[in-house]
2 protein chains.
Amino acid sequence: MSTIKDVARLAGVGVGTASRALSGRGSVSDDAAERVRAAAGRLGYRPSSIAQALSLQRSGAIGVYVPLFDGAFYSEMLGSIDRVLRVHGRHMIAANGCGAGSPRQKALDGIDFLLGRDCDGLLLASNSLTDEDCIELFRRFPRMVMLNREVPGHAQSCFSVDHEVAGRLAARALVAEGHREIAVIEGPPDAPDNRARMRGFFAELAACGIAVRPAHRSEGGFRFSLGAAAARALVAAGPLGRPDFTALFAANDLMAMAAVSALGELGVRVPQDVSVIGYDDSRFAGYTSPPLTTVRVPIDAVAASGCRLLLNACYETDLPVERSFPPTIAWRGSVIRGPHSPLGERP
Amino acid sequence: MSTIKDVARLAGVGVGTASRALSGRGSVSDDAAERVRAAAGRLGYRPSSIAQALSLQRSGAIGVYVPLFDGAFYSEMLGSIDRVLRVHGRHMIAANGCGAGSPRQKALDGIDFLLGRDCDGLLLASNSLTDEDCIELFRRFPRMVMLNREVPGHAQSCFSVDHEVAGRLAARALVAEGHREIAVIEGPPDAPDNRARMRGFFAELAACGIAVRPAHRSEGGFRFSLGAAAARALVAAGPLGRPDFTALFAANDLMAMAAVSALGELGVRVPQDVSVIGYDDSRFAGYTSPPLTTVRVPIDAVAASGCRLLLNACYETDLPVERSFPPTIAWRGSVIRGPHSPLGERP
DNA sequence: TTGTACGCGTTATCAT
DNA sequence: ATGATAACGCGTACAA
């Protein structure tokens with residue numbers, strides 16, 4: 001690999017001139033600039049990003065931690081982040097939770113790993129860290145933004161949809177279609193995003209005078225297998241092993257999809273026997289059978305804005321940043337009219 | 001941030017001693033080593049990976065290019081790669097295709113971007129590059145391994161399942177269940193992996209005396225929307241707008257899932273009216289309705305071995321590397337017995 | 001065993 | 001406008 005010294009020598013100038021000519025910063029005579037460019041071209045010169053990093057005191061790397069790479073939710077974030085980063089000439093060091101330990105420990109390990117790689121900034125998505133973990137992290141490493149969660153005292157550095165509002169939306173969608181006997185497959189009980197959407201969902205239902213029976217609440221965990229198991233448990237709890245609810249809200253699309261599948265194997269049809277509404281509007285939601293009606297949360301926009309704020313913090317730029325990411329309902333085939341009269345309007 | 005100089009000063013030794021004590025290479029008196037460790041601990045010293053990289057002439061970064069982050073196939077690869085990398089203290093700079101241009105151009109851009117970040121090695125997954133592109137890439141940058149494709153003359157650096165064998169397997173599965181009127185939704189016509197699986201599929205069918213009618217071949221492109229469209233086209237081509245085939249092979253699970261959904265909306269039931277077999281055994285395949293019978297290709301193992309070979313090449317290690325990744329059939333609910341007598345045995 | 005000094009490739013400063 | 005030179009933080013050869 002040729003260095004800037006080689007370029008300078010071939011061009012017949014000093015390294016300073018070569019550096020300025022190549023970077024465009026500082027003044028160089030047209031003549032010299034041209035010779036440097038030619039020399040660089042002939043040598044196939046590429047600046048060493050490592051040496052640049054050492055000299056500039058920044059690596060250009062943004063560390064990104066997500067619990068896992070697969071799953072429509074996080075991979076969509078990743079794509080969005082890469083897009084923003086690349087436009088601005090930065091790159092991503094990506095890590096997901098791996099190895100042994102609890103989800104929280106995996107997150108801590110992954111973040112620690114990232115911290116050791118000299119990242120200029122950190123982009124974090126984790127609902128397994130405690131608020132205290134996050135606060136401590138912010139203290140040690142202020143150039144950080146959290147995605148998909150709110151951390152007390154750090155609203156500026158947190159980007160998320162309002163999951164409570166989104167949860168209310170799901171409830172409104174169901175009651176607007178005339179459902180009242182409603183079952184729920186919840187996400188992990190200590191995940192902040194799950195709790196927020198459940199809080200909103202139940203609150204809106206309560207506002208409509210609807211209470212969800214305890215037997216109609218089943219705990220999942222944002223995973224296919226748990227969604228399927230939860231769905232089976234829900235119908236098993238009904239009389240004669242038939243569901244005694246007409247609608248089902250799953251805390252994410254993965255579980256909604258798994259629930260539809262499990263329901264199908266039990267002989268209960270979606271949407272004829274029970275309507276199902278999901279959450280996230282994952283890439284696949286339009287292509288299940290039936291296509292999934294779901295709460296759309298614009299996670300790509302969330303990630304992009306979070307990334308841009310981080311970039312501003314790291315590189316003194318002034319990229320535009322959105323703060324509001326209103327959820328909507330993606331109406332598809334898995335929710336149909338229920339037996340009761342509609343309450344309110346279709347959101 | 002404190003540097004090794006600070007540590008050395010606090011420990012009352014020279015930087016050389018501090019460096020040796022911290023790295024474990026070279027000899028240091030127990031006494032000095034202890035003082036250095038203590039000093040490092042008190043200072044919260046973290047070596048600058050950038051300075052290390054400049055000195056050692058390697059960054060510890062492996063560049064990974066995949067066409068996209070979402071989609072079960074590539075994200076599963078990513079997870080597998082990160083797992084291997086992290087165990088060995090290396091990290092991943094991940095890039096996916098973004099910006100304008102053809103898929104091929106995106107790949108070329110992404111790779112070029114990675115090359116500019118001083119990666120020690122490159123892990124590539126792309127079926128949009130031509131063989132010539134790959135060969136040229138290997139010439140310019142030998143420390144590279146291709147995932148999920150074979151490049152002529154570079155078998156050593158390519159890791160993939162044998163898609164032709166896997167395609168044959170799909171055919172055998174269908175005929176073993178008594179299907180003969182078979183339709184196909186193909187992937188992108190110039191993607192090598194798609195071509196190989198189609199070649200195998202048609203060859204095995206031919207060996208059984210079965211020919212696929214031109215009207216029963218529909219071109220998709222590894223995407224939901226194309227799978228759905230292809231399925232609609234297939235039934236539209238039949239008499240009375242009903243399918244005149246009893247089984248359908250989709251070149252990947254995404255399209256299989258979309259096809260099942262589209263078929264459902266047209267009133268044709270899976271598997272009662274037509275059996276569907278997918279390809280990949282994506283994470284979601286067990287949770288569609290009905291659960292998808294599919295060709296399982298162990299892409300995680302492929303990625304892990306490819307990654308280990310690359311690590312060996314980059315860091316003179318001797319990690320174990322597998323070369324054979326036999327595909328199997330994951331039997332689930334989307335394929336049932338067809339009208340003809342079985343040919344051969346269930347693979 | 002130890003400390004000093006040099007090299008890694010770049011950018012930035014500063015006389016010229 | 002230009003070129004020499006000093007950082008940047010680390011590993012390591014070498015002399016002691």
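Every chain is numbered from 1 and lettered A, B, ... according to where its sequence line falls, protein lines coming before strand lines.
Using a 4.0 Å cut-off, some side-chain N or O of B/Gln52 falls inside it from OP1 or OP2 of D/dG11. Under 4.0 angstrom from either OP1 or OP2 of C/dA12 there lies no side-chain N or O belonging to A/Ser19. B/Thr17 has a side-chain polar atom (N or O) that falls below the 4.0 Å cut-off from OP1 or OP2 of C/dG3. Between A/Gln57 and D/dG9 there is a side-chain polar atom (N or O) within less than 4.0 angstrom of OP1 or OP2.
If you check every strand for non-hydrogen atoms under 4.0 Å, A/Ala53 touches nothing. Using a 4.0 Å heavy-atom distance criterion, A/Leu56 is classed as a sugar-phosphate-only contact. As judged by a 4.0 angstrom heavy-atom cut-off over every strand, A/Val15 is placed among the base-contacting residues.
In this structure, A/Arg9 atom CZ and C/dG9 atom P are separated by 12 Å, rounded to whole Å. Atom C1' of nucleotide C/dC6 and atom NZ of B/Lys5 are separated by 13 Å, given to the nearest angstrom. Put simply, CZ on A/Arg58 is 11 Å from P on C/dT11, counting in whole angstrom units. Distance CD1 (B/Ile4) to C1' (C/dT4): 14 Å, rounded to an integer number of Å. If you take CD of A/Glu34 and P of D/dA1, they are 17 Å apart, rounded to a whole angstrom. Atom CD1 in A/Ile50 sits about 14 Å away from atom P in C/dC8, given to the nearest Å. Nucleotide C/dT10 holds its P atom 9 Å from the CG atom of A/Leu22, rounded to whole Å. Nucleotide D/dG9 holds its C1' atom 12 Å from the CE atom of B/Met1, rounded to whole Å.
Looking at the side chain of A/Ser55, the nearest of the listed nucleotides D/dG3, D/dA7, D/dG9 is D/dA7. Closest to the side chain of A/Ala32, out of C/dT10, C/dT2, D/dT2, is D/dT2. Distance from the side chain of A/Ser29 is smallest for D/dT2 among the nucleotides C/dT10, D/dC10, D/dT2. Comparing D/dC8, C/dT2, D/dG11 by their nearest atom to the side chain of B/Val28 picks out C/dT2.
Annotation for B/Arg42: atom CZ does not count as buried by contact number, only 12 or fewer foreign heavy atoms lying within 6.0 Å. Atom CD of B/Glu34 has more than 12 heavy atoms from other residues, nucleotides or ligands within 6.0 Å. By the neighbour-count criterion of 12 heavy atoms within 6.0 Å, atom CZ of B/Arg86 is densely surrounded, having more than that number from other residues, nucleotides or ligands.
In terms of polar N and O atoms assigned as donor or acceptor, the side chain of B/Arg20 comes within less than 3.5 Å of the base of C/dG3 in a complementary pairing.
Comparing B/Ser27 and A/Arg46 against DNA chain C, the residue whose closest nucleotide sits nearer the 5' end is B/Ser27.
The heavy-atom pair separating A/Val145 from A/Leu310 by the smallest distance is CG1-CB, 3.4 Å.
Classification of the A/Phe138-A/His154 ring pair by plane angle, with boundaries at 30° and 60°, yields parallel.
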(request) Start with the C-alpha gap between A/Asp120 and A/Tyr315, add the side-chain angles, then the distance that decides, and say whether side-chain hydrogen bond (donor to acceptor under 3.5 Å, both in side chains) holds. (result) CA-CA 9 Å; A/Asp120 295 335; A/Tyr315 308 110; 2.6 Å; yes
